[in-house]
Amino acid sequence: MRLRQLLPRPPILKSSGNDAWEFLCNHVSGLDAEHRLRLSVSQLLRDGGTPRLGSLACRVDLLDLCGDGVAPGLILCLAAKRGEEGGPPARATWVTWGLPRPSVNLFLVPLLARTSVAMHESDTHAIQEIISSKTFLESNIHTKVTVEDVLTPLSYRIYPDSPMTEIQQLMMRRGVAALPVVGANHELLGVITIADVLTYTLSGRESGSVAGRTAPLARDLMTRSVLCVSEDESLLVASRSMIARGVSMLPVVRDGEIIGFLTRGTVMRAFAEAIII
């Protein structure tokens, strides 16, 4: 979904000072009675709650509005430079709506981080121009995140007769933690991880029999029964599978052919509590 489709109108409210929540409480009455921002703020005030304030990127703060009965809202407070007398920074408050946590963490935050560089020395008017630009508003934000959106594309693969030395060198040289073992038609036969290689290497050194052993091939080390996930699977569903199986990554397959991996690091970034619930 394009970012502009997530913006209620008006998308920008000018404010000053550091307390964005106080500003909203004092100014949303000027919005239409059915405006989503006004409804959400009013609901929170009736419930006696306050939104969480967090930092998303350089000079970009976020108010998390999660009142019952209205869609969750994100209030992005974009701070301009301070005045010449060192007073509080002016703020252009930009509103988006209905984004789940993975969408914020994986798509909106990186976009804001890149944009905040351009806002570093800008005044409030310039900030409004930046975040109202076609380039910014036409950015694609995935509201329903799937495995395909976040997978690490497959760069390397090995075959059943690949020797141990080749496997070790490839892992070290390319910095990969797992390698798929594929057949003649690139169908997935198994996976070898760093843990598999270390288990073999260390067990031999501990027994003192490294020199006398015949180096195994990929087929001797690989795990054959591998839990896979399809590219169109929901990230939430795939993440729960990782947790249930206690694995650090899942091969992603398309029509039986492996196309990449879903990693634990990606899942952690997607659902990080530090950014938004």
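Hydrogens, waters and symmetry mates play no part in the numbers below; they use all other heavy atoms, side chains included. As the structure is a prediction and not an experimental result, all values here were calculated from the model.
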Engineer: Going by atom types only, do Thr199 and Asp196 share a side-chain donor-acceptor pair under 3.5 Å?
Structural biologist: no

Engineer: Do Val252 and Val226 land in one hydrophobic cluster if side-chain heavy atoms of ILVMFWY residues count as linked below 4.5 Å?
Structural biologist: no

Engineer: When you compare the side chain of Leu154 with that of Ile259, does any pair of heavy atoms fall below 4.5 Å?
Structural biologist: no

Engineer: Going only through I, L, V, M, F, W and Y residues with side-chain contacts under 4.5 Å, is there a path from Val191 to Val229?
Structural biologist: no

Engineer: Heavy atoms, side chains only, cut-off 4.5 Å: are Gln43 and Asp47 in contact?
Structural biologist: yes

Engineer: Report the distance from atom CD1 of Ile194 to atom CD1 of Ile167, rounding to the nearest 0.5 Å.
Structural biologist: 12.5 Å

Engineer: Just to verify, what does Leu170 make a side chain to side chain contact (heavy atoms under 4.5 Å, CB included) with, not counting sequence neighbours?
Structural biologist: Tyr156, Ile158, Arg173, Arg174, Leu179

Engineer: Please indicate whether Arg240 has more than 12 foreign heavy atoms, meaning atoms of other residues, nucleotides or ligands, lying under 6.0 Å from its CZ.
Structural biologist: no

Engineer: What I'd like to find out is whether the side chain of Met171 reaches to under 4.5 Å of the side chain of Val197, using heavy atoms alone.
Structural biologist: yes

Engineer: Of all the heavy-atom pairs spanning Ala178 and Met249, show the shortest one and how long it is.
Structural biologist: CB-SD, 3.2 Å

Engineer: Taking all atoms of both residues into account, what is the closest heavy-atom pair of Met242 and Arg264, and its distance?
Structural biologist: CE-N, 3.6 Å

Engineer: How would you list, by chain and number, every residue that makes a side chain to side chain contact (heavy atoms under 4.5 Å, CB included) with Leu221, sequence neighbours excluded?
Structural biologist: Met164, Ile192, Tyr200, Pro216

Engineer: Working to the nearest 0.5 angstrom, can you tell me the gap between Leu250 CG and Leu151 CG?
Structural biologist: 11.5 Å

Engineer: Say whether Val247 and Val237 are linked into one hydrophobic cluster, either directly or through other cluster members, by side-chain heavy-atom distances under 4.5 angstrom.
Structural biologist: no

Engineer: Would you give the length of the straight line joining atom CG of Leu189 to atom CE of Met222, rounded to the nearest 0.5 angstrom?
Structural biologist: 5.5 Å

Engineer: Between Leu188 and Pro251, what is the shortest heavy-atom contact and its length?
Structural biologist: CD2-CB, 4.1 Å

Engineer: Report yes if some heavy atom in the side chain of Arg219 is under 4.5 Å from a heavy atom in the side chain of Arg224; otherwise report no.
Structural biologist: yes

Engineer: Consider only side-chain heavy atoms of I, L, V, M, F, W and Y, link residues closer than 4.5 Å, and tell whether Val104 and Val145 are in one cluster.
Structural biologist: yes

Engineer: Any idea which heavy atoms bring Arg2 and Glu138 closest together, and the distance?
Structural biologist: NH1-O, 2.9 Å

Engineer: Under 6.0 Å from the CG atom of Asp255, do we count more than 12 heavy atoms belonging to anything else shown?
Structural biologist: no

Engineer: With rounding to the nearest 0.5 angstrom, report the OG1 to CE distance, Thr143 to Met1.
Structural biologist: 4.5 Å

Engineer: Keeping Thr266 on the side-chain end and Leu262 on the backbone end, is there a donor-acceptor pair under 3.5 Å?
Structural biologist: no

Engineer: With sequence neighbours left out, which residue pairs that include part of residues 158-167 fulfil the side-chain hydrogen bond (donor to acceptor under 3.5 Å, both in side chains) condition?
Structural biologist: none

Engineer: Would a 4.5 Å heavy-atom cut-off, applied to side chains only, mark Asp149 and Leu106 as touching?
Structural biologist: no

Engineer: Using 0.5 Å steps for rounding, measure from the OG atom of Ser139 to the CG atom of Leu3.
Structural biologist: 6.0 Å

Engineer: Under the rule for side chain to side chain contact (heavy atoms under 4.5 Å, CB included), what residues qualify as partners of Asp232, not counting sequence neighbours?
Structural biologist: Ser230

Engineer: One pair to check against side-chain contact (heavy atoms from CB on, under 4.5 Å): Leu227 and Ser241. What are the steps and the verdict?
Structural biologist: CA-CA 9 Å; Leu227 175 66; Ser241 296; 4.2 Å; yes

Engineer: Could you work out, with salt bridge (charged side-chain N to carboxylate O under 4.0 Å, His left out) as the rule, every residue matching Glu231, not counting sequence neighbours?
Structural biologist: Arg254

Engineer: With a 4.5 Å limit on heavy-atom distance, are the side chains of Val182 and Arg157 in contact?
Structural biologist: yes

Engineer: Could you list the residues that satisfy side chain to side chain contact (heavy atoms under 4.5 Å, CB included) with Ser239, not counting sequence neighbours?
Structural biologist: Leu235, Val267, Phe271

